[in-house]
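Letters go in sequence order (proteins before strands), and every chain restarts at 1. Worth knowing before you read on, the calculation uses all heavy atoms, side chains too, and leaves out hydrogens, waters and symmetry mates.
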Number of protein chains: 2
Amino acid sequence: MAGQSTELEHGLSERAQTLLKTLVERYIREGQPVGSRTLARDSKLDLSPATIRNVMADLEELGLVASPHTSAGRVPTARGYRLFVDSLLTVKPLRPATVSRLKRELGERAETPGEVIESASSLLSAITRLAGVVMLPRAEQVTLRQVEFLPLSGNRVLVILVTNNAEVQNRIIHTGRAYSAAELEAAANYINREFAGRDLRGIREAVAAAMARARDDMGRIMETALAVADRAFEGRRDDDFVLAGQNHLLEYQEMADIERLRRLFEAFNTKRDILHLLDQSIDAEGVQIFIGQESGYEVLDSCSVVTSPYRVGDQVVGVLGVIGPTRMAYDRVIPIVDVTARLLGAALSSE
Amino acid sequence: MAGQSTELEHGLSERAQTLLKTLVERYIREGQPVGSRTLARDSKLDLSPATIRNVMADLEELGLVASPHTSAGRVPTARGYRLFVDSLLTVKPLRPATVSRLKRELGERAETPGEVIESASSLLSAITRLAGVVMLPRAEQVTLRQVEFLPLSGNRVLVILVTNNAEVQNRIIHTGRAYSAAELEAAANYINREFAGRDLRGIREAVAAAMARARDDMGRIMETALAVADRAFEGRRDDDFVLAGQNHLLEYQEMADIERLRRLFEAFNTKRDILHLLDQSIDAEGVQIFIGQESGYEVLDSCSVVTSPYRVGDQVVGVLGVIGPTRMAYDRVIPIVDVTARLLGAALSSE
DNA sequence: CTTAGCACTCAAATACATAGAGTGCTAAAA
DNA sequence: TTTTAGCACTCTATGTATTTGAGTGCTAAG
């Protein structure tokens, strides 16, 4: 009847919590199943191993810890990690050196948003020694600065878009007929005059509207402009992410199963599942954590994913995070992901 | 004293050659050390195992085969593979389906040279189930179609280069002072008029020459043009390659050593060593093969690299190839690399 | 020159014993 | 009622023989 406030939350006594916390911390540090004797020494509770064994039996009952075999100590389960990160974890403040490194390499080194994002991914991976991912900013945020059309052979047109932040996109579109360089130049001028500063999606809609409205009575230039722009600003659901440091994953014992690893790397290549997962965090308040099977993707079964959305202004434009073994140093990783998200947002805003 | 013509080449009797060939083929197929009994059955020579053992002893003496331990049959050494590919190998003609797949996906699907190269790399890797690499074409071959300068904040200028083949490059340069949009436009016009159609390196030199010559008496426009172009076309030693399918390497038994694998993947990331190696093949006539330590890079010790230069017109512009375990199906891989090189060249030329 | 025969070697598999870590349970102590 | 000492038990890891089988090298006969 030790009715501590904390007990009610998840039906665990203060003592059980302390022991679970100690166990998880120890296991994260050493990677070995933790026995009752070790735990007795590690926790400051001054209890005998026997007592601790009783508590461990309870925790096992609750599915928070498990033992690989009868005589092997306990290991946290996914649920154990979950409870740990939710209510027991004390996050480590970042070393100032780390923060300033992040600031420097995100803010100063990188010129274009693309480079900033590359840096963010590399930094995440380098600092955590896990795989780093940064989802590319949503297209809504991208506004047009200038567009250029160049004629190619075979009814094709090379479209060059310069967007708000010195970012250049280019694509090739197929048109119904061949356009002359002069026609295309005039069309580009028209679009630049009319639409510069608006976001790409908006332009597409405006163009579509204009086409519907003025089917008949429009000048040659405008007709060309609209025909080309219609394709130039097309959907391009640019869902993609930048991955860095997947090699780090080769450093961990628990990733030694080469077939699992192959499937995981395959998922990185395919991108689809990872993107879906990242997408789920886009509406989260801050750092979000998927432990083991929680992610719902089989390839990530023995992995944890720590994510955070990042904002430009007050608008969430993307998600970043790290992927690594469930046994990771959450107390370090969480603040790193958190701070990187903030700094990436800041760096992208200041361009 | 069986003085066959082939014997003189490397001092091996016809029979020894046949046996070595059979052994290597068998080992490549099965991955297990080959014993004398098996070899007796496999080769059509109708010899007893005992005789074969004598021959094997000779081959071992010559360093062409080795046995992992006394009772384990023989395995080809790097030198054995070398002799095999140099004089014993009968290459398999490619299946027509493979050739047409290559043609289709290189020629039709891909729009820009960048895409063609990506495809080549993916195809190499998909067809051989090894890692595919394609070195990017040399900059000498890249000619200017159009250049555009856009002013950015902080004395920076965004340079957009459109090159011969609908390829767009962009970079940001720092200039001594701020230039207005009008100035930059005039400068771009000047360069486009003056240098369009010339290769980038040539332009850089021409610009440097012009600057040296006309230090004093040049118009404002030309001065701006030269100042900016000097940086815009700067070195950019764009040595780089496109890698695909490194995951395939996880499928091979002989790549199971996770620490070696990590170092290999690291080398892929670093790119430097791989680039040097590819560079060595740039002057080769056709397909070139590096077996095991022949490459000179420790990380590639248990790997073979099969490369071929590829041409646009009659000019070699790059190198492509595959990387995999020494135990690979050379008879299949060699023609695939060879044909891909030709088709890549053709696809790049036709743009 | 070829090959049968045989002794020999070595890795891999199997079986068995032992040590050590850690558990659960019980009964006594607090 | 809670804690803990004690103990039997379980299971892995480790080490040691032993056996089996594949394959060799050598020798002597064909």
Side-chain angles (χ1 to χ4, degrees), chain A residues 1-4 7 12-20 22-23 26-27 30-77 80 253-254 256, chain B residues 1-4 7 12-20 22-23 26-27 30-77 80 253-254 256:
Chain A
M1 272 157 233
Q4 290 89 342
E7 180 172 342
L12 273 193
S13 71
E14 186 88 38
R15 182 206 285 172
Q17 288 183 45
T18 312
L19 286 175
L20 178 59
T22 314
L23 181 140
R26 169 98 191 188
Y27 181 69
E30 309 281 339
Q32 297 294 328
V34 186
S36 54
R37 199 191 337 275
T38 322
L39 207 46
R41 253 184 282 109
D42 263 34
S43 79
K44 302 283 170 57
L45 289 186
D46 196 38
L47 291 172
S48 78
T51 312
I52 291 187
R53 283 203 285 278
N54 290 327
V55 180
M56 294 323 266
D58 297 346
L59 292 180
E60 185 153 9
E61 186 98 3
L62 292 168
L64 297 170
V65 299
S67 51
H69 56 85
T70 17
S71 70
R74 300 313 207 287
V75 160
T77 62
Q253 205 66 46
E254 44 268 77
Chain B
M1 274 152 237
Q4 290 90 342
E7 181 172 342
L12 272 193
S13 70
E14 187 87 38
R15 181 206 285 171
Q17 289 182 44
T18 311
L19 286 175
L20 179 59
T22 315
L23 181 140
R26 168 99 192 189
Y27 181 70
E30 310 281 339
Q32 296 294 326
V34 186
S36 54
R37 197 187 343 269
T38 322
L39 206 46
R41 254 184 282 110
D42 263 33
S43 80
K44 304 282 169 58
L45 290 186
D46 195 38
L47 291 173
S48 78
T51 313
I52 290 185
R53 284 203 284 280
N54 289 327
V55 181
M56 295 321 267
D58 297 347
L59 292 180
E60 185 153 11
E61 186 97 3
L62 292 168
L64 298 169
V65 300
S67 50
H69 56 86
T70 18
S71 70
R74 302 312 209 288
V75 160
T77 62
Q253 205 65 45
E254 45 268 77

Does the side chain of [X] reach to within under 4.5 Å of the side chain of [Y], using non-hydrogen atoms?
X	Y	answer
B:Arg74	B:Leu59	no
B:Leu12	B:Leu62	yes
B:Met56	B:Leu39	yes

Specify the separation, in whole Å, of atom [atom1] of [X] and atom [atom2] of [N].
X	N	atom1	atom2	result
B:His69	D:dG21	NE2	C1'	11 Å
A:Leu45	D:dT3	CG	P	11 Å
B:Arg37	D:dG25	CZ	P	14 Å
A:Leu39	D:dT3	CG	P	15 Å
A:Leu23	C:dG22	CG	P	12 Å
B:Ile52	C:dA4	CD1	C1'	15 Å
B:Asn54	C:dT3	CG	C1'	9 Å
A:Glu60	C:dG24	CD	P	7 Å

Subject >> Nearest-0.5 Å distance that lies between atom OG1 in A:Thr51 and atom CG in A:Leu45 >> reply: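 Those atoms lie 10.0 Å apart.
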Looking at [options], which one has an atom nearest to any side-chain atom of [X]?
X	options	result
A:Ser71	C:dG22, D:dA5, D:dG23	C:dG22
A:Arg53	C:dG24, C:dC1, D:dA5	C:dG24
A:Arg15	C:dA4, D:dG23, D:dT3	D:dT3
A:Thr70	C:dG22, D:dT4, D:dT10	D:dT10

Subject >> Touch class at under 4.0 angstrom, heavy-atom based, for B:Ser36 against every strand present >> reply: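 Sugar-phosphate, no base atom in range.
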At less than 4.0 Å, is any side-chain N or O atom of [X] found next to OP1 or OP2 of [N]? Yes or no.
X	N	answer
B:Ser48	C:dT3	yes
B:Thr51	C:dT3	yes
B:Arg74	D:dG25	yes

**OP:** List the atom of A:Leu23, the atom of A:Val34, and the distance in Å for their closest heavy-atom pair.
**Re:**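 Reported closest heavy-atom pair: O-CG2, 4.0 Å.
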